[in-house]
Amino acid sequence: MAFRPLGDRVLVKRVEEEEKTKGGIIIPDTAKEKPQEGQVISTGPGARDDNGKVQPLDVKAGDRILFGKWSGSEVKLDGEDLLIMKESDILGVVS
C-alpha cells in the first residue's frame, strides 16, 4: 500500500532497541520502553504559511530522527507498526 502524509506530517518507523544491555543482561519485552528514535519513511509536502505558500519540511525520507515519548499517532500499515506525527513533534535529526 502506498501512503503519503498530508501537510507537515511525517510517517516514521521506530528503530528497535537492543535486546541486551552493554553488560550482557537480556531485557524482557515487558521491561522495555518504546524507542524514541525512528526512520522517516515519507513526508508530506509541508505546512502553509499565512500567505498560503508551502514551506518545505526540514526532514526527508531516510533521515534518522529523535522524537518525544508521547509523539505521534500509532498506525498499522501492511502489518507494520508505524507513527504519523507532525514535524514539530520531531526533536532532531541523528547524523
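This one's a predicted model, so the numbers in the text were calculated from it and none came from an experiment.
In this structure K60 satisfies the side-chain contact (heavy atoms from CB on, under 4.5 Å) test together with D63, sequence neighbours excluded. With sequence neighbours left out, D89 forms a side chain to side chain donor-acceptor pair (under 3.5 Å) with no residue at all. Residues satisfying the salt bridge (Lys or Arg N to Asp or Glu O under 4.0 Å) criterion with E74, sequence neighbours excluded, are R14, K34. For R64, the side-chain contact (heavy atoms from CB on, under 4.5 Å) partners two or more places apart in sequence, or in a different chain, are V15, E37, V94.
Here OG of S42 is found 8.5 Å from CD1 of I84. Values are rounded to the nearest 0.5 Å. Rounding to the nearest 0.5 Å places OG of S88 at 9.5 Å from CZ of R9. With rounding to the nearest 0.5 angstrom, the CG atom of L11 is 5.0 Å from the CG atom of L82. Between the CG atom in L6 and the OG1 atom in T43 there is a gap of 11.5 Å [rounded to 0.5 Å]. Between the CG atom in D81 and the NZ atom in K76 there is a gap of 4.5 Å [rounded to 0.5 Å].
Residues Q36 and L66 have side chains not in contact (no heavy-atom distance under 4.5 Å, counting atoms from C-beta outward).
When hydrophobic residues (I, L, V, M, F, W, Y) are linked wherever their side-chain heavy atoms come within less than 4.5 Å, the members clustered with L83 are V10, V12, V40, L57, V59, I65, F67, M85, I90, V93.
Among residue pairs with one or both ends in residues 42-53, none qualify as salt bridge (Lys or Arg N to Asp or Glu O under 4.0 Å); sequence neighbours excluded.
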